[in-house]
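Input: a single structure, listed below in C-alpha cells.
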Amino acid sequence: MSELLKISLPDGSVREMPEGSTPYDVAAAIGPGLAKAAIAARVDGELRDINRPFEGDAELALVTARDEAEALELARHDFAHVLAEAVQALWPGTQITFGPSTDDGFYYDVMAPASREPFGMDDLPAIEEKMREIIKADKPLRREVWSRQQLIDKWAADGETFKAEWAQELPEGEELTVYWSGDDWLDMCRGPHLASTGKLDPQAFKLMRTAGAYWRGDQKNAQLTRIYGTGWLNKKQLNAHLERLEEAGKRDHRKLGQEMDLFHLQQEAHGSVFWHPKGYIIWRELEAYMRRAIDNAGYREVKTPQVMDAKQWEQSGHWGKYRENMFVIPDEVPNTEDEGPLVSEAADWMALKPMNCPAHVLIFKQGLKSYRDLPMRLYENGCCHRNEPHGALHGLMRVRQFTQDDAHIFCREDQLVDEVRNFCQLADRIYKEFGFTYSIKLALRPEMRFGSDEMWDIAENELRDAVAAAGLNTEEYGWEELPGEGAFYAPKLEWHLTDAIGRTWQVGTIQSDRVLPERLDATYIAEDGERHRPVMLHRAIFGSYERFIGILIEHFAGKMPLWLAPVQAVVATIVSDADGYAKEVAEKLKAAGIRVETDLRNEKINYKVREHSHAKVPHLLVVGMREAEEGTVAIRTLGEKQQQFLPLDEAIAMLKANATAPDLAS
RNA sequence: GCCGGCUUAGCUCAGUUGGUAGAGCACCUGAUUUGUAAUCAGGGGGCCACGGGUUCGAAUCCUGUAGCCGGCACCA
C-alpha cells in the first residue's frame with residue numbers, strides 16, 4: 001500500500017498526493033485553470049518539468065507564464081532544442097553539440113554534414129519553417145534518465161562525435177538525463193523543459209543570423225556553425241524586441257559619429273581614428289575632466305616615449321608574451337643600395353608601446369626613492385598601439401591606436417589595500433557623474449603568466465579584500481570572478497559598461513603587479529635602510545578615450561550632456577534684419593565660454609529648427625526683429641517642445657550654469 | 001586570425017535573365033525675407049572597393065585581395 005506524499009504549497013497549505021504524482025497532478029487537483037496555465041514547477045526550490053513525478057514530500061510552487069523570467073528561460077531552451085531537431089530533420093548527418101538560452105533568445109552550435117557548406121543566412125527561412133512544423137506537431141518533451149555508457153553508445157552510433165566526446169567526460173555517478181521530442185528525436189540535457197513543443201508560440205521566435213563558433217570555445221578545435229535566434233512567449237513580445245533592436249541601431253556610435261561629424265575611420269588606417277573637430281571637443285573636455293580628477297587624487301602627470309628599443313620590451317616581458325600584438329619597427333635605415341636583409345635579433349628592433357607601464361617604471365627608477373615617496377602615482381594620457389586581430393576591431397570600442405587614462409601607483413605592501421579601495425571610490429564617483437551603472441569583475445591568473453602561485457594568491461586576495469572593503473562585491477555591481485582572464489603579470493579588477501545593444505565593454509581596471517617591479521628591478525629604500533620592492537598598481541577609469549567616447553555616444557544616443565556637446569548652442573535668425581543682433585548674441589555667448597555657432601542662412605526657421613535638431617544641438621537660440629528690439633532670445637532646447645523667452649543676460653547665465661562639468665558644479 | 005554576409009554619388013539606397021548607371025537627401029547657382037522639424041527652380045557629381053578571369057559585351061558570372069557588419073577566438 002503506497003503512502004501519500006505531502007506537498008506543501010506557497011500559501012502554506014499541504015496537499016496529499018499519491019506516490020508517482022506530478023506537479024501537473026497537483027495543479028489539476030487545484031483547478032482546471034491552473035492545470036492549463038502551469039508550465040513548470042519549482043520543487044524544493046529547483047525548477048523542474050511539470051510532468052516529472054515527485055520523489056518524496058516536497059515544497060511546490062507552480063510556474064506559469066506570469067513568472068516571466070522562468071517562462072522565457074524555459075521557452076528559449078525549448079526553442080534551441082526545436083532548432084537542433086529542425087536542422088537534423090532538414091539535413092540528416094548534421095551533428096549537434098550545445099544550445100543554451102541567451103539574454104534575448106537562444107542558439108545552437110551545429111556541424112553541417114561534410115557534403116555541404118556551413119549553414120548560412122539563406123538556410124534560415126527553411127529552418128524556421130521546419131521549427132514551426134515541429135512546434136505545431138505538439139511533440140511531448142519527455143525526460144528520461146540514462147547511464148553515461150548509454151549516452152556514449154548512442155552518440156557514437158549516430159556519428160555524433162562531439163556529443164560522444166562530451167559524454168565521455170561526464171561524471172560517473174551523476175544522474176544523466178535526455179529529453180525526447182516525441183519518440184523520434186532526443187538530446188542530452190539537464191532540463192527542465194516545457195511539457196511539449198506545442199507550448200511554444202510558433203510566431204514568437206525568429207532566427208537572426210549564423211556565426212562561426214569554436215567547439216568548446218577553443219580556437220584549436222573545429223569551427224561549428226552557431227545559429228542564433230531570438231525567442232519570446234508571444235508575437236507581441238517578439239515584435240517589441242525587434243523594435244528595440246531597431247532603436248538600438250540608431251544609437252550606434254559608428255552611425256552617430258558619422259551623422260554628427262565626430263570622427264571617421266578609413267581603410268588606409270584601419271583601427272585608428274580620425275577625430276574631426278567636433279569629436280575632438282568631447283575628447284578635450286574628457287581630458288580636462290580627468291586631469292582635474294587625478295590632480296585632486298594625488299597623481300602627477302607624465303609623458304613617455306612612443307617607441308622603445310626591443311631590449312626594453314624583452315626585459316619587461318612584453319617581447320616574450322605580447323609580441324604578436326606589438327607593432328615592431330626596424331631600428332635602422334634600410335640600405336637602399338643593396339637592400340640587405342634586416343637582422344632579426346631583438347637588439348635591432350624597436351617597438352611602439354602597447355602599454356605605458358614599463359616607461360612609468362623607468363621614471364620611478366630615476367634617482368633613489370625613499371619609502372617617504374610612496375605611494376607614488378604617475379598618470380599619463382598614454383597613446384598605445386596594439387596590433388589586434390582584425391576580426392576584433394569595432395568602431396571606437398576596439399581599435400589599434402588608443403589613448404589610455406593610465407596611471408601606475410608604486411606603493412608599499414601595507415598601502416596597497418587602501419590604494420585599491422580609494423581607486424574603487426574614485427572610479428565609482430566618476431562613472432556616476434556620467435550617469436553610468438557598471439558591473440565589476442575580478443579576472444584571475446591566466447595560464448600564460450609570470451610569478452609564483454604564492455604571489456598570485458596574495459595578489460588575488462588583496463584585490464578581493466579591497467573590493468569587499470569598498471562594498472562592491474555584490475550582485476548589484478554584477479560581482480563575478482573570471483578564472484584565467486587576468487593579465488600575464490597580474491590579476492585584474494575590471495569595470496564594465498554596456499553599449500546600445502547590451503554588449504559589455506571593459507573600461508576601468510586596477511591590477512596589482514609584483515612581476516614588473518621585479519623584472520625591471522624597481523626598488524625603494526625602506527625605514528630599515530634596505531632596498532625593497534614596491535608593488536605596482538596599474539589602473540585606468542575611462543580605459544581608453546576612444547572606447548569611453550563610444551560608450552558615451554551610445555548611452556546618450558548622441559544627445560551629449562551640455563558640458564560635452566561639441567556645439568552647445570546655435571543662434572538662428574528668422575530674417576536677415578536680425579543678423580547683426582544674432583552676431584552680437586553669439587559674441588556674448590562665446591565670451592561666456594559657450595561653444596556657439598550662428599545660422600544666418602536665408603532659410604525658413606522651420607528648416608533651421610529641423611536641421612539643428614537632427615544635429616542634436618542642445619540649445620537653439622532663435623532671434624528675429626522682436627528679440628533684437630527687446631534684447632531677448634527664444635530658446636528651444638533639444639527634446640522639449642516649449643520654448644523659453646529670456647533676456648539675453650539671463651539666457652547666458654542659464655547656459656553657462658548648465659554647461660558646467662559635473663565635478664565643477666556646486 | 002576563423003565562419004557567414006556585405007562593399008554602387010558626400011549620405012541612405014534602387015539597379016530584372018550579363019547589353020554600357022538611377023532616386024531622395026546633401027552640394028553649387030538663381031529666385032524667395034520666411035516666427036519653431038523639409039520654399040521653389042535649375043545644375044554639377046560615379047575606376048559600381050581593388051586585382052585577375054569568362055564573354056562580342058561584366059556593377060551583374062567565376063576567382064584572389066582589402067575593408068566593413070554579426071558572431072567566435074583574442075582584448076581597453
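Just so you know, these numbers use all the heavy atoms, side chains as well, and skip hydrogens, waters and symmetry mates. Order of the sequence lines fixes the chain letters, A, B, ..., with proteins taken first and strands second; residue numbering starts at 1 for each chain. Everything numeric in this text was worked out from a predicted model, so none of it was measured.
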Contact string for nucleotides 68-76 of chain B, one letter per nucleotide 5' to 3', B = base within protein heavy-atom range under 4.0 Å, S = sugar-phosphate only, - = neither, reads SSBBBBBBB
Considering residues at least two apart in sequence or located in another chain, which fulfil the side-chain hydrogen bond (donor to acceptor under 3.5 Å, both in side chains) criterion with A:Trp495?
none
Which atom pairs link the protein and nucleotides 63-65 of chain B when you take only N or O atoms and keep those under 3.5 Å?
none

Residues passing the side-chain hydrogen bond (donor to acceptor under 3.5 Å, both in side chains) test with A:Trp505, sequence neighbours excluded, are A:Asp499
If the condition is side-chain contact (heavy atoms from CB on, under 4.5 Å), which residues does A:Lys250 pass it with, not counting sequence neighbours?
A:Glu247
Considering only distance and modelled atom types, tabulate donor-acceptor pairs under 3.5 Å from the side chains of residues 115-123 of chain A, sequence neighbours left out.
from     : atom 1 : to       : atom 2 : distance (Å)
A:Arg116 : NH2    : A:Asp123 : OD2    : 2.8
A:Asp123 : OD2    : A:Gly120 : N      : 2.9

Pairing residues for A:Lys206 by the side-chain hydrogen bond (donor to acceptor under 3.5 Å, both in side chains) criterion, not counting sequence neighbours:
none
Listing time: all N or O pairs from protein to nucleotides 7-13 of chain B that are below 3.5 Å?
from  : atom 1 : to       : atom 2 : distance (Å)
B:C11 : O3'    : A:Gln258 : OE1    : 3.2

Indicate every side-chain donor-acceptor pair of residues 268-277 of chain A with a distance under 3.5 Å to a residue at least two apart or in another chain.
from     : atom 1 : to       : atom 2 : distance (Å)
A:Glu268 : OE1    : A:Gln266 : NE2    : 3.1
A:His276 : ND1    : A:Asp261 : OD1    : 2.7
A:His276 : NE2    : A:His264 : ND1    : 2.7

Residues within residues 608-630 of chain A bordering RNA chain B, heavy-atom distance below 4.0 Å:
A:Val609, A:Arg610, A:Ser613, A:His614, A:Val622, A:Gly624, A:Met625, A:Arg626, A:Glu627
Taking side-chain hydrogen bond (donor to acceptor under 3.5 Å, both in side chains) as the definition, give me every residue that meets it alongside A:Ser544, ordered by chain and number, with sequence neighbours left out.
none
Residue pairs, two or more places apart or on separate chains, that pass salt bridge (Lys or Arg N to Asp or Glu O under 4.0 Å) and touch residues 618-636 of chain A
none
